[in-house]
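These notes concern the structure reproduced below.
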Amino acid sequence: MLCDASFMPESPRRASAAVSVLADTRASASFAPHFMSDERKSLEQRNAMTDIERLRHSAAHVLATAILRIWPDAQFAAGPPVENGFYYDLDMAHRITPEDFPRIEEEMKKEIKANNVFERTVVTRAEAIAMAESGRLGGLSERPGNVSKFKIGNLADIPEGEEISLFRNGDFLDLCAGPHVMRTGNIGAFRLTHVASAYWKGDEKNPQLQRIYGTAFKNKTQLEEYFTMLEEAKKRDHRKLGKEMELFTFDDDVGPGLPLWLPNGTVLIEELEKLAKETEFAAGYDRVRTPHLARENMYLTSGHLPYYAESMFPPMELIEQHDKEQKNKLEKEYSDVLQELLSLQDQHGPDFSKSVLFDPAPERPEAKRYLKLTEHERELESALLKLGDRYYLKAMNCPHHHKIFGALPRSYRDLPLRLAEYGTCYRYEQSGELMGLMRVRSMQMNDAHIYCTEAQFEDEFRAVNEMYLKYFRIFGFEKYQMRFSTHDPAKLGQKFVDEPALWKKTEDMVRSVLIKSGINYVEVANEAAFYGPKIDVQVWSAIGKEFTIATNQVDFAVPARFGLNYRASDNTQQTPLCIHRAPLGTHERFIGFLIEHYAGNFPLWLAPEQVRVITIGVEEPLVAYARGIVEELRAQGVRAVGDYGTDPMKAKIADAEQRKVHTMLVIGGRDLEAGNVSLRLHGKGNIGAKPRNEAVADILTAIKERRA
RNA sequence: GCCAGCGUAGCUCAGUGGUAGAGCAGCGGUUUCGUAAACCGCAGGUCAUGGGUUCGAAUCCCAUCGCUGGCUCCA
């Protein structure tokens with residue numbers, strides 16, 4: 001598959017066990033999500049639970065106990081601790097809503113007050129199955145006719161030879177590896193937080209269960225602190241600040257996930273582009289521009305179609321009516337042919353098609369049929385291509401850039417060729433996945449594709465990494481995780497291009513760049529792109545959601561698919577390697593993250609309104625002086641605004657502070673006389689008087705240096 | 001896409017079957033001020049949209065759209 005979707009920083013990758021270890025050690029652990037591994041945890045791993053996880057896991061059992069007292073038919077699936085709390089998945093006739101929480105919490109309190117011991121017993125598999133069949137597992141008593149169906153499923157996942165343990169608190173008995181706190185009374189403070197639905201074992205083919213989330217702490221103070229912290233986090237949520245600061249908006253008539261950038265937000269976009277353009281120019285990139293859409297055929301070449309079609313907006317058809325009817329007919333025929341081909345392959349085994357295609361004189365009737373069909377398939381394909389056009393909005397920029405590379409004959413002397421574009425892409429994300437600016441359907445990527453020789457690769461890759469770090473220093477990012485995704489040799493030829501030597505070589509190169517640069521990273525096997533290893537940069541939003549903010553990927557497979565080549569010094573034709581990189585991700589997600597990172601208090605160079613000149617009074621000489629300062633600043637490209645109105649000074653300051661204006665120059669009669677301005681910085685209060693020229697020079701320097 | 005909750009003025013919210021409200025922002029006046037909010041007034045709403053129940057619906061029911069949380073997806 002070409003152009004791994006995960007290349008697009010819009011795609012947060014699935015959390016991995018490896019990340020969870022690091023996530024837990026980060027300074028910001030309170031907001032870092034805890035990742036449950038996809039794999040079943042071993043007993044050893046489970047026993048490594050922290051004290052608070054133990055407590056929360058125990059709270060899940062108490063939750064189940066309480067629910068059974070109210071709804072005895074409930075069947076429970078899994079109830080693990082998660083970062084900041086716990087949940088229990090269950091199935092029952094009653095649909096739980098938050099209105100049920102007080103009742104449930106009452107019952108939970110009773111169970112905690114009873115201070116029952118969590119008592120562990122080891123049973124044989126047969127005993128456990130017998131208890132599940134009588135409905136006893138995950139129940140308060142035997143429940144004839146109400147089999148503990150999910151517990152039977154869980155039992156099946158426990159490997160032979162591993163101990164099967166049960167935990168009992170009061171009447172509630174559950175299949176559980178533990179560990180738990182000693183007694184229910186050890187659960188100091190808890191609260192149920194929300195209900196959700198979840199597929200059993202996370203598989204959407206399985207039935208949906210009701211999931212109840214809660215949180216628990218050692219004591220009430222910690223619980224309250226947690227909720228206070230959540231409130232604080234919500235204040236810096238980019239959706240809230242984006243509205244308050246008039247950065248962006250969404251409109252139903254425009255469509256979900258399609259942000260409209262207001263003037264203030266557009267300032268952020270343009271400042272970022274300026275930074276990117278300067279940086280990329282200095283690093284030897286060439287800028288290109290490409291259309292927002294392309295013909296179907298390109299995406300057949302790239303491989304986006306049909307595999308990626310679900311994530312693309314449906315195509316625009318440019319086709320005459322009579323051709324359309326013809327096309328529909330041919331498409332129907334084509335799909336019938338494909339179906340028959342597939343069923344022949346199914347009937348006659350996996351090597352059937354090979355054996356037929358390589359047999360010079362196939363005699364078997366099914367082989368003859370197969371050959372006839374494949375010939376017909378090709379005819380239909382070419383007939384279809386001749387009938388009308390389909391245009392797709394681009395989901396990625398790489399195919400367009402590959403076409404630019406291929407547009408001219410290339411020599412090794414042209415390499416490395418670095419093509420950069422803030423390209424606009426469109427992805428049809430599922431409606432439930434949209435989230436403010438963090439997950440959208442239209443996005444502008446800080447994209448570039450670097451075409452280079454193998455010999456150049458390491459230097460190029462290192463330079464890209466250094467660019468990341470340079471950016472992160474400018475923004476003062478500290479809380480991020482570099483994730484190095486490698487392939488799994490067992491899946492060569494399926495999930496990954498079958499080029500073991502190139503995999504090894506590029507992975508070694510990437511690893512060595514990381515180590516030499518002293519970058520702290522986690523390595524995750526089996527998460528690479530189809531076409532090569534990659535590094536994703538993971539960050540966490542204010543409310544603790546993980547996102548890929550930037551990405552850097554190696555591609556040693558796709559250029560060949562596009563027939564890209566260059567003339568090497570020995571006069572042979574060679575295929576270039578390609579690096580896909582987006583250090584500033586997409587405007588949408590990057591700015592979403594920046595808003596939260598700065599809590600809306602942008603540094604001077606980014607601030608939508610950089611300077612506000614406030615007069616104390618409305619006397620003409622004062623206003624003229626203030627106006628002169630504003631004009632001088634604006635002439636130098638500073639976003640300065642004057643407030644010469646009749647409001648009292650304190651009100652003007654309050655207004656500027658609320659709008660998070662970075663620098664306020666307050667001017668009264670005293671300043672006018674001395675040729676000064678009184679400097680006030682947002683959130684920092686009054687700094688004091690300064691000569692006007694000095695203040696202006698300082699502002700210009702701070703902007704130029706992109707000072708934090 | 002799935003499950004649940006929510007949708008009242010530009011923003012934050014009150015109103016739970018009987019005449020749509022407040023604060024802030026906006027606009028018009030008055031006020032002429034030294035570091036986070038002077039005073040008075042005005043205007044602003046098909047209560048997301050469509051249908052239903054009812055003498056009467058912002059309020060109850062159904063559908064649609066959107067947002068939020070979670071799940072799934074993210075090749």
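The chains referred to below are lettered A, B, ... by the order of the sequence lines, with proteins before strands, and numbering in each begins at 1.
Note on Pro648(A): a base of the nucleic acid sits closer than 4.0 angstrom, heavy atoms only. Among the heavy atoms of the strands, none lies under 4.0 Å from Gly685(A). Arg239(A) comes within 4.0 angstrom of sugar-phosphate atoms only, judged by non-hydrogen atoms across all strands, and of no base. Among the atoms of the strands shown, none is found under 4.0 Å from any heavy atom of Lys652(A). Among the protein residues, Thr193(A) comes within range of no part of the nucleic acid, since none of its heavy atoms lies under 4.0 Å from any strand. Using a 4.0 Å heavy-atom distance criterion, Ala198(A) is classed as a sugar-phosphate-only contact. Within 4.0 Å (heavy atoms only), Asp671(A) reaches at least one base atom of the nucleic acid.
The base of G1(B) sits with one of its N or O atoms less than 3.5 Å from a complementary donor or acceptor on the side chain of Tyr199(A). If you check distances only, the side chain of Arg439(A) does reach the base of C74(B) with a donor-acceptor pair under 3.5 Å. Between the base of A36(B) and the side chain of Arg680(A) there is a donor-acceptor pair shorter than 3.5 Å. Between the base of G34(B) and the side chain of Asn686(A) there is no donor-acceptor pair shorter than 3.5 Å.
Nucleotides G5(B) and G44(B), compared at atom C1', are 30 Å apart to the nearest Å. Comparing the C1' positions of G10(B) and C2(B) gives a spacing of 34 Å, expressed to the nearest Å. The same atom, C1', is picked in C47(B) and in G7(B); the two are 10 Å apart, to the nearest Å. Comparing the P positions of C60(B) and A14(B) gives an interatomic distance of 15 Å, to the nearest angstrom. Comparing the P positions of C3(B) and C13(B) gives a spacing of 28 Å, expressed to the nearest Å. Between the C1' atoms of A4(B) and A9(B), the separation comes to 29 Å (whole Å). Of the P atoms belonging to C42(B) and U12(B), the separation is 26 Å, rounded to the nearest Å. Look at the C1' atom in both U53(B) and C61(B): the space between them is 7 Å, to the nearest Å.
Atom CG in Asp253(A) sits roughly 11 Å away from atom C1' in U49(B) (whole-Å rounding). Distance CD (Gln430(A)) to P (G69(B)): 16 Å, rounded to an integer number of Å. One can place CG of Asp251(A) at 12 Å from C1' of A48(B), the figure rounded to the nearest angstrom. Gln210(A) has its CD atom 11 Å from the P atom of G5(B), to the nearest Å. Rounded to an integer number of Å, the gap from Asp655(A) CG to U35(B) P is 18 Å. Between the P atom of C74(B) and the CD atom of Glu546(A) lies a distance of 15 Å, rounded to the nearest Å. Rounding to whole angstrom units, CE of residue Met438(A) and P of C67(B) are separated by 17 Å. When the C1' atom of C33(B) is taken as reference, atom CD1 of Ile614(A) falls 13 Å away, rounded to whole Å.
Not one side-chain nitrogen or oxygen of Arg427(A) sits closer than 4.0 Å to the OP1 or OP2 atom of C73(B). Taking 4.0 angstrom as the limit, Lys240(A) places none of its side-chain polar atoms (N or O) nearer than this to OP1 or OP2 of U12(B). Residue Arg211(A) places no side-chain N or O under 4.0 Å from the OP1 or OP2 atom of C3(B). Between Lys243(A) and U12(B) there is a side-chain N or O to OP1 or OP2 distance below 4.0 Å.
Cation-pi contact between Arg211(A) and Tyr87(A): present, with separation from the ring centre below 6.0 Å and deviation from the ring axis of at most 45°. Remark: Arg56(A) is positioned above the aromatic ring of Phe217(A), its terminal NZ or CZ atom under 6.0 angstrom from the ring centre and at most 45 degrees off the axis.
Checked for salt-bridge contact, Lys660(A) and Glu657(A) miss the test: no charged N lies under 4.0 Å from a carboxylate O. Salt bridge present: Asp655(A) and Arg612(A) bring a charged side-chain N and a carboxylate O closer than 4.0 Å. Using a cut-off of 4.0 Å between Lys/Arg side-chain N and Asp/Glu carboxylate O, Lys235(A) and Glu231(A) are scored as not salt-bridged. A salt bridge does not link Asp647(A) to Lys652(A): none of the charged side-chain nitrogens sits closer than 4.0 Å to a carboxylate oxygen.
Remark: C2(B) base-pairs with G70(B); criterion is Watson-Crick or G-U wobble with both hydrogen-bond distances under 3.5 Å. Pairing partner, C42(B): G26(B), with both Watson-Crick or wobble hydrogen-bond distances short of 3.5 Å. For G21(B), the paired nucleotide is C13(B), the pair qualifying as Watson-Crick or G-U wobble because both relevant distances are below 3.5 Å. The base-pairing partner of G50(B), taking Watson-Crick or G-U wobble contacts with both distances under 3.5 Å, is C62(B).
Distance from the side chain of Met649(A) is smallest to C33(B) among C71(B), G69(B), C33(B). Residue Ser197(A) has its side chain nearest to G70(B) when only G70(B), U35(B), G1(B) are considered.
No more than 12 heavy atoms of other residues, nucleotides or ligands lie within 6.0 Å of OH in Tyr428(A), so this atom counts as exposed by the packing criterion.
Partner of Phe496(A) under the ring-ring contact (aromatic ring centres under 6.0 Å, His included) criterion, out of Phe530(A), Tyr531(A), Trp503(A): Trp503(A) alone.
Classified by its glycosidic torsion, U53(B) falls in the anti category, the angle being over 90° from 0.
Sequence order on RNA chain B of the closest nucleotides to Arg441(A) and Thr646(A) puts Arg441(A) first from the 5' end. The 5' end of RNA chain B is approached more closely, in terms of each residue's nearest nucleotide, by Gly683(A) than by the other of Gly683(A) and Phe250(A).
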